[in-house]
Every structure is written in structure tokens, then in C-alpha cells.
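First comes the structure, then the notes that go with it.
Each chain gets a letter, A, B and so on, in the order its sequence line appears, and its residues count up from 1. In this text the structure is predicted, and so the values were computed from the model without any measurement.
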Protein chains: 2
Amino acid sequence: METSEVIDALSALAQESRLSAFRLLVGAGPEGLAAGEIAEALGVAPATLSFHLKMLSHAGLIHSQREGRSIRYMASFDAMGELVDFLTSNCCGGDPGSCLPQRKPRRRAAAGGRR
Amino acid sequence: METSEVIDALSALAQESRLSAFRLLVGAGPEGLAAGEIAEALGVAPATLSFHLKMLSHAGLIHSQREGRSIRYMASFDAMGELVDFLTSNCCGGDPGSCLPQRKPRRRAAAGGRR
DNA sequence: TCCATAGTTCAACCATTATTGAACTATGGA
DNA sequence: TCCATAGTTCAATAATGGTTGAACTATGGA
């Protein structure tokens, strides 16, 4: 993943409505949600949501598919995986384990070790 | 980690100079680097860098310490860990494994699985 | 065909972010 | 004390981002 793509993905998620929309889509699973459902859930105007969805889409974090009159959006788990991959490999330095939580408790962290 | 903090951290990293500065600090390890060394490495004006370091610092991603005439900055690995934690737990949906690369292939991983 | 629904695009506006030179603060050394 | 170095803060400006109403496109049904 190139750093310009990383920046696009981070910018896309660094905004309240978009982070909420993305989390909503992640929660919805592969089925996704129609634009209108997202707009209602978040309480944002259609034009505003459309703008945000476009950014998420441009960053590759979501994709869409027309279904009758609605357009269904779904999270791109692969893209998210790549982002997390980049962050763990490039931003977790000497002790990469420190940025992969769900793992074993990471032994004692030695007084003053990390942090 | 609250979502407003997550947004601050994502915004902080969603900018070229800041992402570079952060990666540089991660690479430098716990020793960190003086502001001037970062400015030179990135080729940005001191005032500009100061502005960016303040944002990273405000987001909790780095911290600093005066050392003689210089101010030494270092990455906060804990904060980065919390961010990655948030992303993996909140943005990787039904198959959280899909966003935790360095783990074992978890059966079937589908051709082209992670990455 | 006409109409209603679901979304998008456009243009204008306001808010936030990024960059810069100049002024300022803090430290160390003569 | 005075001077030089290392950074920060300030104020002004330029560039991006976010929101909105209005106009537009696409689909489905009568």
C-alpha cells in the first residue's frame, strides 16, 4: 500500500460522519446498507452523505452496487486489512507486538519499557 | 479509546509531513529525535514542523522532552497500539481476522487472503 | 407516458488546515 | 552580561474540507 493511499484512507476515516458510516457498514456485514438507511441512521442530509460516501469510496474503503432504486454500500474489508497492515508494519517500531493487542498479554512490559 | 480521540489520531496521521515524521520517530525508537533533525530529514520549515508536531502531540501520538537546547520527540507506542486496537475491534466486522495480518493463516484464508 | 422515490452533482458558502516570515522564549557558552 | 543556537508562537494568507438547497439522473410503477 502506497503512502498516498494510506493518507487517503486515514483522511477518509478521520471525520465523524464518515467514521460512523464506515463502522455502520462494517456492522452490517457483506450485505451492506442502502444510502438512505445510512443517511437516516446518521441524521445527515442526502447530499452531505453522498459527498462522504464518495470520499470513502475513493479511498477504497467501501464499494457500492445499485439495487433497484437504491444504491447499496458495503465495507471493503480487504482495504481495511491493508490499512491495518500498513500501520502495524510501519508505525509500531521496535516492538511490533505492542500494536497488535488481541494477542497474549505481552509479558510484563518491564517497568518503563514501552510508554 | 473514545471516537473523538480516534478521529484526532487519524487526522494527525492523515497528512504527509506528519505521517513521515511519525514513521521517522517510530524508526528512531525510544531515543526519539530532536525537532531540528526531523525538520531537516523532511525538508520542512521549523515553524511548519512545530505546527505538525503540536498536532501529533495533541493527538497523543508523540511526546517530547527538552534536552539542552533541543527538544527531543519520540513516538508513543501505547497510543498507536490503542489506535490499531480500535480499528481492529471496530472496523473489521464479521471476520476480525481479516484485519490482523501477522497472525496464522486461519484456515481457508481464501486465495490471496490477506494483503 | 407521467409521477414518485432514491441518489448524485453542482455552486456557493463557511470553517478548518497548512504554510510562511517575523517576533519571541529558553538554553548554553564566552 | 551578551551572543548564538534551537524551537515555538503569532498573524496573515492560501488551500482544503464540510454543508446545503436546487437541479439533475436513474429506476420502478400506474
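- In terms of phosphate contacts, B/His52 brings a side-chain nitrogen or oxygen within less than 4.0 Å of OP1 or OP2 of C/dT19.
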A correct dot-bracket answer for DNA chain D, with pairs being Watson-Crick or G-U at under 3.5 Å, [ ] for crossing pairs and | for inter-strand pairs, is ||||||||||||||||||||||||||||||
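- Of all nucleotides listed (D/dT27, C/dT20, D/dT9), D/dT27 comes nearest to the side chain of A/Arg69.
- Of the candidate nucleotides C/dT8, D/dT20, C/dT20, C/dT8 has the atom lying nearest to any side-chain atom of A/Pro46.
- A side-chain N or O of B/Ser89 and one of B/Asp85 form a donor-acceptor pair less than 3.5 Å apart.
- Residue A/Tyr73 places no side-chain N or O under 4.0 Å from the OP1 or OP2 atom of C/dA6.
- For A/Met55, the side-chain atoms get nearest to D/dG18 when compared with the rest of D/dG18, C/dA18, D/dA26.
- Comparing C/dA18, D/dT9, C/dG7 against the side chain of A/Ser70 picks out C/dG7 as the nearest.
- Listed by chain and residue number, nothing satisfies the salt bridge (charged side-chain N to carboxylate O under 4.0 Å, His left out) test with A/Glu31 (two or more places apart in sequence, or in another chain).
- A sub-4.0 Å separation between OP1 or OP2 of D/dT8 and a side-chain N or O of B/Ser50 is present.
- Phosphate proximity of C/dT20 to B/Thr48: present, with a side-chain N or O under 4.0 Å from OP1 or OP2.
- In this structure, A/Ala35 reaches the sugar-phosphate backbone alone: every heavy-atom distance under 4.0 Å involves primed, P, OP1 or OP2 atoms, never a base.
- Remark: B/Arg72 is not in phosphate contact with D/dA6, judged by side-chain N or O atoms under 4.0 Å from OP1 or OP2.
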